[in-house]
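Have a look at the structure below before the remarks.
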There are 2 protein chains.
Amino acid sequence: MTRMTDTHTTLALRLLQVTDDFRAGLSGELSAVHGISVNEFLLLLHLERSAANRLSRVDLAKRMHVSASTITRMAAPMEKIGLVDRAADARDARLVFVVATEAGRKRLSEALATFSKRAGYLFSDRWEDQEVDRFASMLRRLMAGSGDTLA
Amino acid sequence: MTRMTDTHTTLALRLLQVTDDFRAGLSGELSAVHGISVNEFLLLLHLERSAANRLSRVDLAKRMHVSASTITRMAAPMEKIGLVDRAADARDARLVFVVATEAGRKRLSEALATFSKRAGYLFSDRWEDQEVDRFASMLRRLMAGSGDTLA
DNA sequence: GCATATTGCTTGCAAACGCAAGCTATTTGC
DNA sequence: GCAAATAGCTTGCGTTTGCAAGCAATATGC
């Protein structure tokens, strides 16, 4: 019992550490090469992978673990530089959808290439393909109750 | 090639998602129950697991992936409430070490129990012990070049 | 040894974020 | 149908953070 508790604790700490490392490196390259932050990248990715290629602000907020006001304030500059647009709902006048523009989808695609490159650096040198597959399915189990996810 | 690239990308996205979920939940309980943030918790943990139970500010900054100014500004309120103290180096007058007080170590120990509990929630219901062990060793490989780590 | 470079730390400023309050639009209870 | 509750969004305010500049102490080059 104590042993597994410690193992779980170690595992969670390593998870935080590895993810923070990856995120820090990604952040630098995304902003330097593509001019967007990690959160802006993830926002575009959420849009791309949503059912109708558009999401309301509260929906985005829940998926991204940020407050609704953060989405409002993230979307504003992204609208200004033409990465996203806003759209109203025909039935519910409260909803304000965030929609990716053509430029936004292009930017996402470029940024995704950077993301994939870094993911490759992280895993391909150190894990066998078989391990990667196994790990991916294990992680999917962890996300079981997580609602709408990116992957 | 393309297949594994996609797999790596998916894996990295899941890693971000799972870790963000965990961190969000942890953040709420740490601040509500123990009155500290995740970063304050990690700062105390870094101190506890360092060689001499003390670390300079730039050293802490590197380990925590934050700027040096953030450490300065995190340490100030923690000193005020008596969780950490500052100590000078005998040989190098530039160094200002951060040291955990007795109260700081106690607080860490309590917060670590919360952390472990949540780590248990995350893993124990969904993974076999054998999988947990295997995953831990895989993650350790990912941290190979990461310098000083927590686990 | 002395000028120069580097290192550790702090501070001013601006960007990003959460919370609470407020506004409008929709839903619910009766 | 109508009052009350709820949901979606935005804005004000305080907190946290990074970057760049600045200051003091140490290391380096000659």
Side-chain angles (χ1 to χ4, degrees), chain A residues 20-21 23-32 35-44 46 50 52 54-81 83-99 148, chain B residues 20 23-32 35-44 46 50 52 54-81 83-99:
Chain A
D20 280 357
D21 282 12
R23 198 184 191 105
L26 180 67
S27 170
E29 187 165 357
L30 278 187
S31 86
I36 59 177
S37 69
V38 176
N39 271 354
E40 287 169 336
F41 165 72
L42 290 174
L43 188 152
L44 289 172
H46 273 288
S50 65
R54 63 178 203 178
L55 290 170
S56 74
R57 287 150 198 278
V58 295
D59 205 346
L60 268 171
K62 283 175 195 160
R63 295 179 193 227
M64 295 183 64
H65 287 303
V66 297
S67 67
S69 57
T70 296
I71 299 294
T72 292
R73 288 175 166 126
M74 277 182 65
M78 293 178 78
E79 284 175 21
K80 272 205 174 128
I81 61 178
L83 294 179
V84 300
D85 209 346
R86 56 171 57 207
D89 186 294
R91 307 174 174 279
D92 191 334
R94 293 172 303 181
L95 294 175
V96 183
F97 289 107
V98 183
V99 194
D148 300 298
Chain B
D20 280 357
R23 198 184 190 104
L26 180 67
S27 171
E29 186 165 358
L30 278 188
S31 87
I36 59 177
S37 69
V38 175
N39 271 354
E40 288 170 334
F41 165 72
L42 291 175
L43 188 151
L44 289 172
H46 274 286
S50 65
R54 62 179 203 177
L55 290 169
S56 75
R57 286 147 199 279
V58 296
D59 205 346
L60 267 172
K62 283 174 194 160
R63 295 179 193 226
M64 295 183 64
H65 287 302
V66 299
S67 67
S69 58
T70 297
I71 300 294
T72 292
R73 288 175 165 128
M74 277 181 67
M78 292 178 79
E79 284 175 20
K80 273 205 173 127
I81 61 177
L83 295 178
V84 300
D85 209 345
R86 57 172 56 206
D89 185 294
R91 306 173 176 280
D92 190 336
R94 291 172 302 182
L95 293 176
V96 182
F97 290 107
V98 183
V99 193

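Here is the naming used below: chain letters follow the sequence lines, and residue numbers restart at 1 for every chain. Computed over heavy atoms, backbone and side chain alike; hydrogens, waters and symmetry mates excluded.
A nucleotide of DNA chain C counts as in contact with chain B when one of its atoms lies under 4.0 Å from a heavy atom; the first and last such, 5' to 3', are dT7(C) to dC13(C).
Counting to the nearest Å, the C1' atom of dC9(D) and the CZ atom of F97(A) are 13 Å from each other.
For D20(B), the salt bridge (Lys or Arg N to Asp or Glu O under 4.0 Å) partners are R23(A), not counting sequence neighbours. Residues meeting the ring-ring contact (aromatic ring centres under 6.0 Å, His included) test with F41(A), sequence neighbours left out: F115(A). With sequence neighbours left out, R94(A) forms a salt bridge (Lys or Arg N to Asp or Glu O under 4.0 Å) with D92(A). For S50(B), the side-chain hydrogen bond (donor to acceptor under 3.5 Å, both in side chains) criterion is met by no residue, not counting sequence neighbours. Residues forming a salt bridge (Lys or Arg N to Asp or Glu O under 4.0 Å) with R73(B) (at least two apart in sequence, or on another chain): none. With sequence neighbours left out, A87(A) forms a side-chain contact (heavy atoms from CB on, under 4.5 Å) with F97(A), V99(A). For the side-chain hydrogen bond (donor to acceptor under 3.5 Å, both in side chains) test, no residue two or more places apart in sequence or in another chain qualifies with S31(A).
For the atom pair CG of L26(A) and CG of L42(A), the computed distance is 8.0 Å after rounding to the nearest 0.5 Å. Residue H65(A) holds its NE2 atom at 11.5 Å from CG of N39(A), rounded to the nearest 0.5 Å.
The minimum heavy-atom distance linking E40(A) with G35(A) is given by the pair OE1-O, 4.4 Å.
Of the two residues near DNA chain C, V66(A) and R91(A), the one whose nearest nucleotide lies more 5' is V66(A). Nearest-nucleotide mapping onto DNA chain C: of S56(B) and H65(A), the residue sitting toward the 5' end is S56(B).
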So if I define the base as every atom that isn't primed, P, OP1 or OP2, how would nucleotides 10-16 of chain D read as a B/S/- string at a heavy-atom cutoff under 4.0 Å? BBBB---
Per-nucleotide protein contact string for nucleotides 2-7 of chain D (B base, S sugar-phosphate only, - none; heavy atom under 4.0 Å): -----B
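For the helix from dG1(C)-dC30(D) to dC30(C)-dG1(D), the axis fitted to the five pairs at one end and the axis fitted to the five pairs at the other end meet at an angle of 40° (nearest 10 degrees).
Side chain to side chain, S69(B) and T72(B) fail the donor-acceptor criterion of an N or O pair below 3.5 Å.
Partner of V98(B) under the side chain to side chain contact (heavy atoms under 4.5 Å, CB included) criterion, chosen from L60(B), L55(B), L44(B): L60(B).
Residue pairs meeting the salt bridge (Lys or Arg N to Asp or Glu O under 4.0 Å) criterion with at least one partner in residues 62-71 of chain B, sequence neighbours excluded, are D59(B)-R63(B), R63(B)-D148(B).
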